[in-house]
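Residue numbers begin at 1 in each chain, while the letters A, B, ... track the order of the sequences. FYI, side chains are in, hydrogens and waters are out, and symmetry mates aren't considered; it's all heavy atoms of this structure.
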Amino acid sequence: MADPSAPTRRRSPRRHDRWLWMGLAAPGAVWLLVLFVAPFYVMVAVAGGGVNEFFQTVVPVWNPLDWSSWNLSAVWHELVGAGAYLGAPALRTLTYTAAATALSLAIAYPVAYFVARLQSRRKVVYLALLIAPFWVSYMMRMLAWIDLLQQGGLFNGALSAIGLPGGTDWLGGRAITVILGLVYGYIPYLILVLYAFLDRVDSRLLEAAQDLGLSRWRTFWRVTIPLSRPAIIAGTFITVLPMLGDYFTNQLLSGAPGTTMIGNAIEGQLDAPGQTGQGAVLALMLLTVLMVPMVWYVVSTARESRMSAG
Amino acid sequence: MSVELSDPPRAAARRRRLRVAVPWRPSPWRRPWAMEGFTVLYLIWSIVPIGIAVLFSFNRGKSQSTWQGFSTRWYVGSSSSSVLHSPALHQAMIQTLVLAALTTIICVPIGVGFAIGIDRWRSRTSGALNVVMIFAFVIPELLLAVALFLLVTQALTFIRLGTTAEVAGLVVWNLSWPAVIVRARLVSIGRSLEEAATDLGASRLGALGRVLLPMLMPAIFASAVLVFASVIDDFVIVEQLSSTASTQPMSVLIYSNVHGGLAGPALNAMATIMLLFSLAAATLGFVAYRWMTRGERTGDGTEALTSIAGM
């Protein structure tokens, strides 16, 4: 962001400066290459590798020319066709994630909108309360709900106190519990993204719409919602990406095979003897599907930073 | 957590000044009672369960639903199952703190250097590295954890599962916090002051250390707080990369004991202690951020609040 009053920039920095910048970036760059890029090559090598028949251990194959499609076809038959036991978890992952994301948006948007439009001290108080769950660990937040939802727990107690049946086993493999758990777990991030954006919406635009005769609702539908579309999309990705890789929420809140997701399959195969390669294939499949939203996110972020860098 | 890359404080201040002229909806727009009620309900839903979990860590009995009187036996009293005396709980807490401290110490300097280097060394390579860094930010944690597990078990076997692997993985997973936050701050600072310093005779390195670094301090500090808190919260990477029970931090212990084992108020007590650590980090971050930016701010604490939450 160049200050117009700044002296003219020197276009040719001294050459040794470049070495300084490269040196500063080097440790982080090496760390990323060795521990972020290389691991995914190992994953492909394991996925295209074989199994030691005797020890049931993984034999990674490093040369791309020797990669076999054995694991890939095994996983393919687990996903589709007769006896495909991974089809249901895959489908469930999609429906749970879609339901939880829609519910999160419906809750998060009004909350973020309300707090973003507030003024002064009340805003600070509300904002601090919105951010508070962000500082409580995910496991503790799940632990709190497990305590409440137990059969003799306070939630059932509260239900019977107002005359509803209170003996439900909420933790016994119910889809609704898992979906609400996902909402509870990831909604703080969504609210923060929406808030950060809605806080920057120029209130003069809303006043202009109002001055030009739009009602409250029409202003909201015709001005605020279109303006916040990028935030809704970014916030959706921020919650969808971790939900698709989630395997612990359903384990904690249900533990039943009827609520497992694709993350459980990846985790389970990774540790199962002789199936590590199939776990790698499954992880790579998920990665391939997620590549589209991730590339979109990275490109839009890079563009934004280029624009603001001037 | 948005990757907020463009918020020059000056523009923010201007916006805030403008908005002061328009207090919350002037008539004909009424105060939105319905929305306020909805927000309050949301806050109750999000915060009260945690409060109850904290409360029952002080319960005298083992129940999670019947209050049997106040006691600190799950913290210090019980000689076998309190946080102080149970080796498993104790160990997990120490491990969490060790991981948080080590990761912050390694991650923040590397990330800050990376941000400055990438920002100044404009080239195809630095652009590619920046893209890799943003990918590391958005990838689902499970995929990274699986890839790291395969790396340390199949290729770089000299990195042992356990604390070493956990820290290595946590650093790469959290590297984007300092990198993104410091980079955003660099963009809003601009280069004019640094160039003024070199024009007045400072070396490039001198200008970096005595002009740029002090101005980056709030961003560096905010990112350190974020990395620390995010390691305390972390579950997936540490679960995949821990080896024995002695390298399992608190989150993994809660996960594996919640339906039996050590389940009970002692688990709540441990979670409460870690909550206090996180809140202490957050409060410290908030106060320090306000203090460091005291010349720039315009009054309310929203900017400090959002900065330490990574926005």
At their closest point, which heavy atom of [X] faces which heavy atom of [Y], and how far apart are they?
X        : Y        : answer
B/Glu36  : A/Tyr126 : OE2-OH, 2.6 Å
A/Ile107 : B/Phe38  : O-CE2, 3.5 Å
B/Leu43  : A/Leu130 : CD2-CD2, 3.9 Å
A/Pro110 : B/Met35  : O-SD, 3.9 Å
B/Ala155 : A/Val42  : CB-CG2, 4.0 Å
A/Leu129 : B/Ile47  : O-CD1, 3.7 Å

Greatest number of heavy atom pairs closer than 4.5 Å to chain B - which of [options]:
options                              : value
A/Leu143, A/Ile146, A/Val44          : A/Leu143
A/Leu287, A/Val115, A/Leu33          : A/Leu287
A/Pro60, A/Pro242, A/Ala26           : A/Pro60
A/Gly28, A/Ser137, A/Pro39, A/Ala128 : A/Pro39
A/Ala144, A/Gly279, A/Gly157         : A/Ala144

Between [X] and chain A, which part of the residue has a heavy atom less than 4.5 Å away: side chain, backbone, both or neither?
X        : result
B/Ile50  : both
B/Met270 : neither
B/Leu41  : neither
B/Leu156 : side chain
B/Tyr42  : side chain
B/Thr272 : both
B/Asp234 : neither
B/Val152 : neither
B/Val112 : neither
B/Glu141 : neither
B/Leu55  : neither
B/Leu175 : side chain

Is there a side-chain contact between [X] and [Y], using heavy atoms and a 4.5 Å cut-off?
X        : Y        : answer
A/Leu290 : B/Pro140 : yes
A/Leu270 : B/Phe149 : yes
B/Tyr255 : A/Gln251 : yes
B/Phe286 : A/Ile131 : no

Would you mind checking which part of [X] comes under 4.5 Å of any heavy atom in chain B, side chain (CB onward), backbone (N, CA, C, O), both or neither?
X        : answer
A/Thr239 : neither
A/Val34  : both
A/Trp31  : both
A/Ala234 : neither
A/Val136 : both
A/Leu244 : neither
A/Leu252 : both

Within this structure, what is the CG-CH2 distance for the pair B/Leu275 and A/Trp135, rounded to the nearest 0.5 Å?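 That separation rounds to 11.5 Å.
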* Rounded to the nearest 0.5 Å, what's the gap from CE on A/Met142 to OG on B/Ser251? Could you check? =>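 Output value for this atom pair is 13.0 Å.
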| Mutual orientation of the aromatic rings belonging to B/Phe235 and A/Tyr247 [parallel < 30°, tilted 30-60°, perpendicular > 60°] |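 Tilted, since the angle between the ring planes falls between 30° and 60°.
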Measure the acute angle between the ring planes of A/Tyr184 and B/Trp45, then classify it against the limits of 30° and 60° as parallel, tilted or perpendicular.
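A/Tyr184 vs B/Trp45 ring planes: perpendicular.
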| Counting heavy-atom pairs under 4.5 Å to chain A, which of B/Ser278, B/Ala281, B/Ala229, B/Ala168 comes out on top? |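 Among the listed options, the one with the most contacts to chain A is B/Ala168.
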When only pairs under 4.5 Å are counted, which of B/Ala179, B/Ala53, B/Ala271 shares the most heavy-atom pairs with chain A?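 So the answer, after comparing B/Ala179, B/Ala53, B/Ala271, is B/Ala271.
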